[in-house]
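Written out below as structure tokens is the structure these notes cover.
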Amino acid sequence: MSLLLCVGLFVTAFIGTTWYIFQHYHRKHKNYPPGPIPWPLFGNVLQVDGKHIYISFMEWSKMYGKIMSVKLGFHRALVINDPKMAREMFGDLTFSGRPQAYFVTVLSGGCNGILVSEGSVWEAQRRFSLRHLRDFGFGKNIMQDLIMDNVQDIITWMRQEAGHPLPDLQRRLSLAVLNSLWTIISGQRYSQDDPHLKALLDSIQDGAVAITRHPFLIVAPWIRHILPTISGYTKFQKVVDKMIGFFRDTIEEHKHSMVDGEPRDFIDSYLKEMQKTKDTTSSFYKEAGERNLRAVVGDLFQGGSETTAITLTWSILFLMTHQDAQRKLQKEIDQVIGQSRSPVLKDRLRMPYTEAVILEISRMASVIPLGVFHSALVDTYFHDFYIPKGTWIWANQYAIHMDPYVWGDPENFHPERFLSKDGKSKRQCPGESLARDSLFLFITSIFQKFTAVPEPNTPIPDILDSDDGFFRGPKPFSVIMRERVLLSSPIIITVAD
Ligand code: HEM
């Protein structure tokens, strides 16, 4: 090696190390929350269990405290492992930003829509969407009918498969949940086997996988310029293009088939709002409007389908492995609903045990174990900790849901613990009531008719273990649904007013 090269390498290493030490020790404010020492370039990413990152954070919080800092590549991030602090922080608009990171901007075609936008765009898009989703059923009786149509498909399918292990349970549930959303957003209802519906689900699932399979694009996006294939960039871009293309095609079809007068669905309403908008700075104006519409449609599908479907799959696993809880649930169903009619949302008021089961399933499932990133909108203080503008913030929902100080015995499935109430935050899930309604109607309808039992001689997965991507799903399991009563006539799903 020539002397010149040696000197060059030495100088580069010296400058790099000095810069790193300066960054880490001197530019860090003395009241910045503590955390593990990050490595150059990749931060703490290589120190966590890549499969269960939230468990690594939970372990670290025992050393560094309920509010701790980590570094994801060059990004500063905080992890909140305490329910009170998380509620307080996310109830404060100062922390209602979203990280404007590379992968976020690619997924939303800029910083558009509801999920990743900020400020006036977020407010306008969220307000418009909630108002117009209500026109097409959100939070109304008609939503119950839409959900029940899809519940009926699941009951029919389970009846066909009764007594045998259920194939593709999670996919079936995903298609059923997605179909209700699809009807509200784009006006059509498909059969469960429809290729269009399947293509939409594939595209949403590929999108979710794309986020988690390529962590380097999240923490070190610059790597795509050097190693586009190895870093996963080429594949990521392909998946994202396909997903955005799907939404673009759906919107184009609407533009061609839309008529004057009443909008047929959410997309029509949005297109009409765009036509009315003359303010060139509005997020509904022309090109900006189209980008936002595509992102909103993506947010609703991505936010609403897999979350609910994975929670339902966990429900079957938890109830299959806790026959006692399943029997109590069925007893309440028999007492309040009986066998002669289908469940209706009004039944919820008289079914505290069922509600407790749903809450306990949601706690133990923690389907979005780290929640969705927030970010600090200004330099600020929180519980005497200094938090610089732009810091990414995770609420470790899994740690909160499994905190022994809060729950006593968090690893046990124990619905009775939920016979009390909880609070709310500001940047909160707009689909919460739809998700709760869906979980109630699916669970009561399924367990009204069937009992879930494990397939004999097949291993049952540990319910505390999971298959993780962006979502936390159960490990594969085999379930047999046994019919509870033999009906000679086909099931009639009637929805009372
Ligand atoms: C079990 C079901 C669900 C779970 C566990 C869930 C969870 C979450 C979480 C943790 C957030 C982040 C809130 C925050 O920023 O602090 C969120 C946001 C969001 N969810 Fe859900 N969700 C569910 C169902 C739904 C449904 C059914 C829809 C739509 C129809 C939906 C649409 C959204 C949207 C658009 C956001 C972004 C809100 C914003 O940034 O202002 N979600 N959800």
Side-chain angles (χ1 to χ4, degrees), residues 1-2 4-24 27 35-57 69-77 79 98-112 115-116 202-246 248 291 294-295 298 302 369-370 372-373 375 390-392 394 467-472:
M1 204 186 295
S2 76
L4 200 62
L5 186 60
C6 283
V7 171
L9 281 175
F10 176 77
V11 170
T12 313
F14 179 77
I15 293 175
T17 312
T18 313
W19 177 82
Y20 173 67
I21 291 172
F22 175 74
Q23 285 284 324
H24 184 63
R27 289 190 53 192
I37 295 183
W39 295 3
L41 294 182
F42 295 106
N44 301 110
V45 173
L46 303 174
Q47 294 151 269
V48 293
D49 167 359
K51 284 235 163 89
H52 306 295
I53 182 168
Y54 48 92
I55 293 182
S56 302
F57 290 165
S69 60
V70 288
K71 236 170 168 198
L72 307 172
F74 292 122
H75 303 290
R76 250 188 298 246
V79 186
R98 290 280 193 224
Q100 305 301 301
Y102 161 77
F103 72 99
V104 165
T105 50
V106 171
L107 277 171
S108 70
C111 287
N112 301 301
L115 191 65
V116 304
D202 290 342
S203 142
I204 289 167
Q205 288 179 335
D206 288 350
V209 169
I211 304 175
T212 42
R213 288 273 161 83
H214 309 301
F216 286 114
L217 291 179
I218 299 179
V219 296
W222 45 266
I223 209 163
R224 71 189 186 279
H225 299 301
I226 306 165
L227 302 167
T229 309
I230 294 172
S231 68
Y233 169 72
T234 315
K235 188 133 188 256
F236 175 74
Q237 198 59 53
K238 214 167 138 191
V239 167
V240 171
D241 287 347
K242 189 175 145 212
M243 189 174 69
I244 293 178
F246 193 95
R248 185 179 285 124
R291 279 197 304 273
R294 274 198 299 274
Q302 282 173 316
L370 283 168
V372 180
F373 266 132
S375 77
T391 305
W392 298 6
W394 260 323
D467 254 354
D468 295 352
F470 180 72
F471 300 115
R472 182 176 179 274

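In what follows, residues are counted from 1 in the order of the sequence shown. These numbers come from the heavy atoms of this one structure, side chains and all, not from hydrogens, waters or symmetry mates.
Closest non-hydrogen pair, Ser69 versus Pro36, comes out as O-CD, 3.4 Å. Taking all atoms of both residues into account, the shortest heavy-atom contact from Phe471 to Pro369 is C-CD, 4.5 Å. Counting all heavy atoms, side chain and backbone alike, Val45 lies closest to Gly73 at CG2-N, 4.1 Å. Nearest heavy-atom pair across Leu370 and Trp394 is O-CD1, 3.1 Å.
Note: Ser56 OG to Gln47 CD = 10.0 Å, rounded to the nearest 0.5 Å.
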*Dump the intermediate steps for side-chain contact (heavy atoms from CB on, under 4.5 Å) on Gln237 and Arg224, then the final yes or no.*
CA-CA 11 Å; Gln237 198 59 53; Arg224 71 189 186 279; over 6 Å; no
*asked:* I'd like to know whether Val372 forms a side-chain contact (heavy atoms from CB on, under 4.5 Å) with Arg98, so could you lay out the CA-CA distance, the side-chain angles of the two residues, the decisive distance to 0.1 Å, and finally the verdict.
replied: CA-CA 9 Å; Val372 180; Arg98 290 280 193 224; 3.5 Å; yes
*Taking it one step at a time, do Arg248 and Phe246 satisfy side-chain contact (heavy atoms from CB on, under 4.5 Å)?*
CA-CA 5 Å; Arg248 185 179 285 124; Phe246 193 95; over 6 Å; no
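Proximity of a side-chain donor or acceptor of Asn44 to a complementary backbone N or O of Trp39 within less than 3.5 Å is not detected. Thr391 places no side-chain N or O within donor-acceptor distance of the main-chain N or O of Arg76, the cut-off being under 3.5 Å.
Ile244 has its side chain within reach of Arg294: a pair of non-hydrogen atoms, C-beta onward, lies under 4.5 Å apart. Between Lys238 and Phe236, the closest side-chain pair of non-hydrogen atoms is not below 4.5 Å.
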